[in-house]
Amino acid sequence: MDMNTKHLQTTLLNVLCLKANYGELTGEIKLDKRHMNDKIFKEKCFLVEQYDSNWPYLKVRETCFFAAKLFGNGKSSSAIEIEDRLDDVLNEVGLSTAKDTMNKNLSGGQQRRLSLAIALMKQPEVLFLDEVTSGLDSA
């Protein structure tokens, strides 16, 4: 994929995620027949950005647990419910063996999978992924 194609993909994601503040934007973005705005985006969507910026001094499990508590989503999930979902998510993204590893010690691929796990803990209706497979091996 050439640089122009990558740039266009990121630009499209920025527009869809209401982050584009350049050029002339026309048209409309709707979700569930409602015009997309910041409130709806924060409530129903999540963007896994191209570059990871995970908290370096937390462990994988702590990061995902705190993220789930911070997202809240108006749901009163108990710590036990979050822990159960956390185990499933970490298993799905292949981080169950690294759950007690500090984020700063993760490989690039593990960082990508952690960013995805954080997104999945929110349980968004729409998940935007900007080059989510960059740095991942074929496994």
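Nothing here was measured: the structure is a model prediction, and the numbers come from that model.
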For residues [X] and [Y]: do they belong to one hydrophobic cluster (side chain heavy atoms under 4.5 Å, members Ile, Leu, Val, Met, Phe, Trp, Tyr)?
X	Y	answer
V60	F66	yes
L18	L16	yes
L58	L95	yes
L70	L116	yes
Y57	L114	no

Considering residues at least two apart in sequence or located in another chain, which fulfil the salt bridge (Lys or Arg N to Asp or Glu O under 4.0 Å) criterion with [X]?
X	result
E92	none
K33	none
E62	none
K44	D32, E125

Problem - All pairs passing side chain to side chain donor-acceptor pair (under 3.5 Å) where residues 95-109 contributes a residue, at least two apart - result: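 Qualifying pairs: T63-N103, S107-Q110.
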Are [X] and [Y] packed together at the side-chain level, in the sense that at least one heavy-atom pair is separated by less than 4.5 angstrom?
X	Y	result
D130	V48	no
L13	L129	no
K30	M36	no
V126	F46	no
C45	L31	yes

Exercise for the section: With rounding to the nearest 0.5 Å, note down the distance linking CG in L120 to OG in S115. Expected result: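 Spacing of CG (L120) from OG (S115) equals 11.0 Å.
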Completion exercise
Separation between CE (M102) and CG (N54), nearest 0.5 Å, reads 12.5 Å
Just list the side-chain donor-acceptor pairs under 3.5 Å for residues 82-90, sequence neighbours left out, or say none.
residue : atom : partner : partner atom : Å
E83     : OE1  : R61     : NE           : 3.2
E83     : OE1  : R61     : NH2          : 2.6
R85     : NH2  : M121    : O            : 3.0
D87     : OD1  : R61     : NH1          : 3.0
D87     : OD1  : R61     : NH2          : 2.8

Exercise for the section: Kindly assign one of parallel, tilted or perpendicular to the pair F41 and F128, based on the angle between their ring planes and the thresholds 30° and 60°. Expected result: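 Parallel, since the angle between the ring planes stays under 30°.
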Practice task
Identify the heavy atoms of V93 and R113 that sit nearest to each other, and give their distance.
Solution key: O-CD, 2.6 Å
Practice task
Kindly write out the residues that satisfy side-chain hydrogen bond (donor to acceptor under 3.5 Å, both in side chains) with K69, not counting sequence neighbours, or none if the list is empty.
Solution key: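 None.
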Handout entry: ring-ring contact (aromatic ring centres under 6.0 Å, His included) involving F65 - partner list, sequence neighbours excluded
Key =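 None.
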Exercise for the section: Begin with the C-alpha distance, continue with both residues' side-chain angles, and end with the deciding distance and a verdict on side chain to side chain contact (heavy atoms under 4.5 Å, CB included) for L47 and K19. Expected result: CA-CA 11 Å; L47 168 65; K19 292 178 56 174; 3.8 Å; yes
